[in-house]
Amino acid sequence: QGQCSGSLSSHCDTVVPVAFGKRCRHGRSLSGAAKRRAWRACSCTWVSDVYVDGQRKFIAHGPDEQTARVADARLNADLMEGRQVRRRPGRGFRDVAEDWIAMRSAAPDARDNSIANYRSRVRRLGLYFGDRDLGTLTVQDVARFLDRLRDAGGSPATHAGLYATLRCVLGHAQDIGVIDVLPLPRRGVAGAVERKGRLSAADVERVVAALPEPWRSAAELVVLTGLRFGEVQAITADEVDLSRAIVRVEATIARSGRRNPPKTRAGNRMVPLSPRAVVILRSRIQENPDGRLWPGRYDAARAALHAVLVSLGLHQPGLAWHALRKAHSALLEDAGLSVRDAASRMGHGANT
């Protein structure tokens with residue numbers, strides 16, 4: 001299909017279609033009619049697998065099979081009639097998304113966990129939008145994507161995260177001049193986010209008591225102060241003032257072990273300590289006077305908490321160390337603390 005002098009190497013200046021189908025996981029282990037049925041049942045985009053100037057590219061045609069086959073036929077007709085089909089570099093969804101992720105990664109407050117989440121969401125969005133030129137994206141296209149997303153199932157939180165990332169990519173496309181107006185429908189992703197990972201006060205006490213050290217003291221400090229687990233892991237002796245019963249939150253430890261700035265601007269704060277919290281921190285300072293008071297890795301802490309939850313019959317999806325921080329939030333609510341003061345104490349970026 002198409003004419004090319006020699007092999008498909010870097011000197012080839014024509015576009016050679018290789019295959020038409022999908023690149024998603026739904027038909028990965030299948031073949032023949034079974035693969036085609038799996039592709040027709042999923043909502044991922046149909047693509048033409050082509051070589052552009054010797055480089056393999058994937059031209060997305062959208063999730064509708066009939067429309068995609070028409071677009072693929074037009075592509076082949078262009079080749080048969082000698083017209084060059086070139087992809088405009090820097091304007092496709094993948095190009096803009098990778099540029100946006102690179103920009104976010106280079107920011108001084110970049111967080112490893114956030115960048116990993118962005119990459120995961122961009123990969124999922126890429127299954128739908130592929131290398132489509134964002135300059136041709138319409139409001140109707142995005143609305144159809146949202147409809148497909150809802151029909152595919154999944155949690156509202158996942159849908160909201162994907163849509164938020166898509167908005168960020170399109171916003172970056174507008175900033176760099178790829179598009180003039182954001183092609184976003186007025187309706188966003190509907191549906192409330194299901195709240196998971198909550199424990200009663202009695203269950204929290206049982207979990208903390210069953211944890212081995214050093215995670216028992218870390219868990220108790222989270223319940224007493226509302227600090228994020230990464231913030232607890234980042235505490236050093238220099239950031240604790242036992243005489244004033246205050247701890248300064250200046251950093252957080254990512255799951256990779258990297259020391260990052262706090263999650264939000266409001267996360268850089270001073271948190272008052274109860275007498276029991278002072279005792280815990282004094283003990284940890286005596287054991288680790290020169291470094292982090294809880295130097296262990298997140299994987300070890302997660303495994304320890306998981307084992308305790310299973311042994312107590314409390315394990316459920318979504319239940320992790322953050323549940324202990326939610327326990328502190330419940331204590332503040334029961335104590336009648338104002339929403340503004342509670343948000344300030346817990347380092348939330350907004351009162352909501």
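All figures in this text were calculated on a predicted structure; none of them were measured in a lab. Each residue takes its place number in the sequence, starting with 1.
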If you measure from the Lys or Arg side-chain nitrogens to the Asp or Glu carboxylate oxygens, is any gap between R269 and E231 under 4.0 Å?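 Salt bridge present between R269 and E231.
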Less than 4.0 Å between a side-chain N and a carboxylate O, is that true for R148 and D151? no
Would you find more than 12 non-hydrogen atoms of other residues, nucleotides or ligands less than 6.0 Å from E213 atom CD? yes
Which salt bridge (Lys or Arg N to Asp or Glu O under 4.0 Å) pairs, counting each pair once, include a residue from residues 301-322, with sequence neighbours left out? D299-R302
Filter on salt bridge (Lys or Arg N to Asp or Glu O under 4.0 Å), then keep only pairs touching residues 156-183, sequence neighbours left out; what's left?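 The answer is none; no pair qualifies.
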Excluding L332, membership of its hydrophobic cluster (Ile, Leu, Val, Met, Phe, Trp, Tyr; side-chain heavy atoms within less than 4.5 Å) reads L337, M346
Whether [X] side chain and [Y] backbone form a donor-acceptor pair below 3.5 Å:
X: R292; Y: I235; value: no
X: E287; Y: R284; value: no
X: D141; Y: T138; value: yes
X: S105; Y: I101; value: yes
X: S311; Y: A307; value: yes
X: S120; Y: A116; value: no
X: R132; Y: F93; value: no
X: R216; Y: L211; value: yes

Going by side-chain hydrogen bond (donor to acceptor under 3.5 Å, both in side chains), D99 matches just one of H172, R104, R94. Which one?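 Output: one option passes, namely H172.
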Of K22, R36, R40, the residue whose pairing with E65 passes side-chain hydrogen bond (donor to acceptor under 3.5 Å, both in side chains): R40
Transitive ILVMFWY side-chain link [X] to [Y], under 4.5 Å:
X: M103; Y: I115; answer: yes
X: V279; Y: L227; answer: no
X: V139; Y: L146; answer: no
X: V249; Y: I253; answer: no
X: V70; Y: W46; answer: no

For residues L293 and L281, report the shortest heavy-atom separation together with the two atoms involved. CD1-CD2, 3.8 Å
Where do G161 and R121 come nearest, in terms of heavy atoms and distance?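 For G161 and R121, the tightest heavy-atom pair comes out as O-CD, 3.5 Å.
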side-chain hydrogen bond (donor to acceptor under 3.5 Å, both in side chains) partners of R37, counting only residues at least two apart: none
Donor + acceptor pair across side chains of W294, S217 (<3.5 Å): yes
Can you tell if the side chain of L273 reaches within under 4.5 Å of the side chain of I280, non-hydrogen atoms only?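 Of all side-chain heavy-atom pairs linking I280 with L273, none is under 4.5 Å.
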F145: partners by ring pair (Phe, Tyr, Trp, His ring centres under 6.0 Å), with sequence neighbours left out: Y128, F129
Holding to ring pair (Phe, Tyr, Trp, His ring centres under 6.0 Å), I want the full list of residues that pass it with W321, two or more places apart in sequence or in another chain. F229
Measure the acute angle between the ring planes of H306 and H315, then classify it against the limits of 30° and 60° as parallel, tilted or perpendicular.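 Taking H315 first and then H306, their aromatic rings stand perpendicular (interplane angle over 60°).
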